Amino acid sequence: MIKRCGSGAGYTMSAVIIDGKKTAAEIRERIASRTAELKAGGVVPCLAVILVGNDPASLSYVRAKRNALSEAGMNDRSVQLPENTSEAELLSLIGELNRDESVHGILVQLPLPKHIDERKILFAISPEKDVDGFHPVNIGKLVIGCDAPLPCTPHGIVVLLKSMHIETSGARAVVVGRSNIVGKPLALLLSRKDCNATVTLCHTGTKDLKSITKDADIVVSAAGMPHTIRADMVKKGAAVIDVGVNRIPDASKKSGFRLTGDVDFDAVKEVASYITPVPGGVGPMTIAMLMQNTLEAAERTREC
Ligand code: L34
């Protein structure tokens with residue numbers, strides 16, 4: 001663990017800002033060359049990203065995923081369906097993609113419109129093609145420590161921590177948010193032997209969140225709510241990972257909004273030793289890990 005806060009000398013140092021964009025770009029470069037090797041052997045990794053409806057944030061994330069596919073030299077079989085697509089239509093598309101041997105990965109972008117049962121859809125994706133790691137078989141494997149595709153955002157966070165040499169073994173890690181996409185799988189990943197952290201999972205039912213985050217060496221906020229983590233909630237020298245991507249209306253921006261995380265960045269960076277920015281922190285890592293899962297799904301088809 002690199003200690004950066006010399007409190008003894010009476011000075012403070014602003015946190016290192018973790019550059020997720022740069023780390024993600026490096027990973028994607030390595031993935032592109034592995035993809036080229038696989039293609040030379042006759043297999044072209046292929047992902048289908050399915051988007052139902054026109055949610056602006058989802059459109060932006062899906063665009064980023066498709067750009068990454070093209071940059072990696074992978075095939076893109078993505079489909080955008082209208083908001084009023086029925087559950088049966090979506091299930092039938094998933095069935096087709098499950099049977100298509102040229103497709104290695106299937107991802108249904110969440111959230112889905114209210115009339116579609118998210119679980120039914122996620123359960124229908126073949127576990128071998130589940131590049132999100134959301135299928136119950138893959139979540140089950142994660143729980144018992146078997147090899148399985150790891151959910152992209154939690155995996156990206158662990159890779160970021162390791163790339164910065166932030167010690168997780170024996171560390172007290174607090175995860176705020178219990179979503180199936182981030183909070184729950186991240187708590188599982190951090191408590192596995194290879195991370196070896198002592199994990200506390202906090203959520204909207206947590207009483208006195210500050211008393212818990214204050215003790216943490218690593219704080220991860222995946223609450224989806226600005227100002228979830230304020231400077232007085234963070235121990236000096238802690239690493240703070242911000243998963244929130246909140247759109248705040250801002251008339252001064254061309255888009256009409258600005259992005260902000262869950263963490264009071266400017267104040268918390270004066271207390272923490274490491275901090276991720278929004279944008280440019282965890283988000284790009286999610287995309288890089290998705291490319292990795294797609295590549296690995298394609299590689300597996302060659303092994304058997
Ligand atoms: N099935 N649904 C499924 N899998 C996922 O892994 C996701 N997620 C979350 C929403 N729904 C999903 C994503 O892809 C969130 N998410 C995601 C992906 C990428 C980024 C953020 C969230 C990202 O690239 N963020 C950029 C800024 C993007 C912008 O400008 O809007 C960043 O630098 O943080």
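Heads up: numbering here begins at 1 and tracks the sequence. Here the structure is a predicted model, which means the values were calculated and not measured. Atoms within a ligand are numbered from 1 in the order they appear, just like the ligands themselves.
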(Q) With heavy-atom distances below 4.0 Å as the criterion, list the atoms of ligand 1 near Phe134. (A) 1 (N), 3 (C), 4 (N)

Q) For atom 16 (N) of ligand 1, what's the nearest protein heavy atom and its distance? A) Tyr61 CD1, 3.8 Å

Q) Ala64 near ligand 1, heavy-atom distance under 4.0 Å? A) no

Q: Look at ligand 1 and say whether Pro284 reaches it with a heavy atom at a distance under 4.0 Å.
A: yes

Q: List the closest protein heavy-atom neighbour of atom 3 (C) of ligand 1: residue, atom name, distance to the nearest 0.1 Å.
A: Asp132 OD2, 3.4 Å

Q) Is the closest heavy-atom distance from Leu259 to ligand 1 below 4.0 Å? A) yes

(Q) Can you tell whether the side chains of Arg77 and Glu96 come within less than 4.0 Å, N to carboxylate O? (A) no

Q. Hey, is Glu128 close enough to Arg300 for a salt bridge, meaning N to O under 4.0 Å?
A. no

Q: Examine Val108 against ligand 1 and note whether any of their N/O atoms are separated by less than 3.5 Å.
A: yes

Q: Look at Asp194 together with Arg192 and state whether they make a salt bridge at an N to O cut-off of under 4.0 Å.
A: yes

Q. Considering only heavy atoms, which of Ala57, Gly281, Gly283, Gly280 lies nearest to atom 33 (O) of ligand 1?
A. Gly280

Q.
Considering non-hydrogen atoms of the protein only, which is the closest contact for atom 5 (C) of ligand 1, and what is the distance?
A. Lys65 NZ, 3.6 Å

Q: If a pair satisfies salt bridge (Lys or Arg N to Asp or Glu O under 4.0 Å) and one of its residues is in residues 246-260, list it, with sequence neighbours excluded.
A: Asp250-Arg258

Q) In Å and rounded to the nearest 0.5 Å, what is the OG to NE2 distance from Ser126 to His104? A) 12.0 Å

Q) Under a 4.5 Å cut-off applied to non-hydrogen side-chain atoms, are Leu38 and Leu295 in contact? A) yes

Q.
Using heavy-atom distances only, which candidate in Val49, Thr286, Leu110, Ile50 approaches atom 11 (N) of ligand 1 most closely?
A. Leu110

**Q.** Protein heavy atom at shortest distance from atom 31 (O) of ligand 1
**A.** Ser60 OG, 3.0 Å

Q: May I ask you to say whether Lys235 pairs ionically with Asp217, meaning some side-chain N is under 4.0 Å from a carboxylate O?
A: yes

**Q.** Among Lys21, Glu118, Gln109, closest by any non-hydrogen atom to atom 7 (C) of ligand 1
**A.** Gln109

**Q.** Modelled atom types, side-chain donor and acceptor of Glu89 and Ser86, under 3.5 Å
**A.** yes

